Amino acid sequence: MGVSGPIRVVIAKPGLDGHDRGAKVIARALRDAGMEVIYTGLHQTPEQIVDTAIQEDADAIGLSILSGAHNTLFARVLELLRERDAEDIKVFGGGIIPEDDIPPLKAQGVAEIFTPGAPTGEVVEWVRSHIGSGAVAA
């Protein structure tokens, strides 16, 4: 894969969840680590998120979901990326996601899930190693 230039990440809050503090913390941590971050704001549809990622030539999409709709929202974003021939955009996420739901999400194509309390440095390092120029092609 190998990204040239700064890693570009779209951070998005899909659905009706109105709590975005965690998304803003992650956006700032990625930005402070030298990445270009596009924060879409609250109440985004999967279509809006995928459109933004493609228009912004993003390398990754980070979804923050606290509403319990993670199975539906992750699946729809992945489906839209496939439909738009944009599967090279990796999807990761975080939020209130039960441990039992993580393996099926990963099996669908979500690259990583971060649960509450994950250190921002862990997220930054994961993005660098899986998205950045040091990433190994899968």
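Keep in mind that what you see is a predicted model, and the values were worked out from it rather than measured.
- By the 4.5 Å heavy-atom criterion applied to side chains, D51 and R84 are counted as neighbours.
- Counting heavy atoms from C-beta on, the side chains of I49 and L73 never come closer than 4.5 Å.
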Side-chain donor-acceptor pairs under 3.5 Å in residues 62-72, sequence neighbours left out?
unit_1: S64; atom_1: OG; unit_2: K13; atom_2: NZ; d: 3.3
unit_1: S67; atom_1: OG; unit_2: A69; atom_2: N; d: 3.4
unit_1: H70; atom_1: NE2; unit_2: D101; atom_2: OD2; d: 2.6

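- Contact of the P14 side chain with the V77 side chain is not registered, since no non-hydrogen atoms from C-beta on lie closer than 4.5 Å.
- Cluster annotation: V91 is connected to V50 through the hydrophobic network of ILVMFWY side chains, with a link wherever side-chain heavy atoms come within less than 4.5 Å.
- You'll find the side chain of R76 stays beyond 4.5 Å of the side chain of T45, heavy atoms only.
- Listed for the E83 side chain is no donor-acceptor partner under 3.5 Å among the backbone atoms of L81.
- Hydrophobic clustering (side-chain heavy atoms under 4.5 Å, transitive across Ile, Leu, Val, Met, Phe, Trp, Tyr) groups F92 together with V37.
- The hydrophobic cluster containing L16, built from Ile/Leu/Val/Met/Phe/Trp/Tyr side-chain heavy atoms closer than 4.5 Å, comprises no other residue.
- The main-chain N or O of E36 is never found under 3.5 Å from a side-chain atom of R31 such that the two would form a donor-acceptor pair.
- In terms of heavy atoms, V9 sits closest to M35 at CG2-SD, 4.4 Å.
- The backbone N or O of I7 sits nowhere less than 3.5 Å from a side-chain atom of D59 that would complete a donor-acceptor pair.
- The two residues R82 and E87 have their closest heavy-atom pair at CG-OE2, 3.0 Å.
- Closest non-hydrogen pair, A29 versus V124, comes out as O-CG2, 3.8 Å.
- Taking the side chain as every heavy atom from C-beta outward, I11 and I38 never approach each other to under 4.5 Å.
- Within the 3.5 Å criterion, the main-chain N or O of A23 finds no donor-acceptor partner in the side chain of R28.
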Would you give me the side-chain donor-acceptor pairs under 3.5 Å for residues 111-121, sequence neighbours excluded?
unit_1: E112; atom_1: OE2; unit_2: K106; atom_2: NZ; d: 3.0

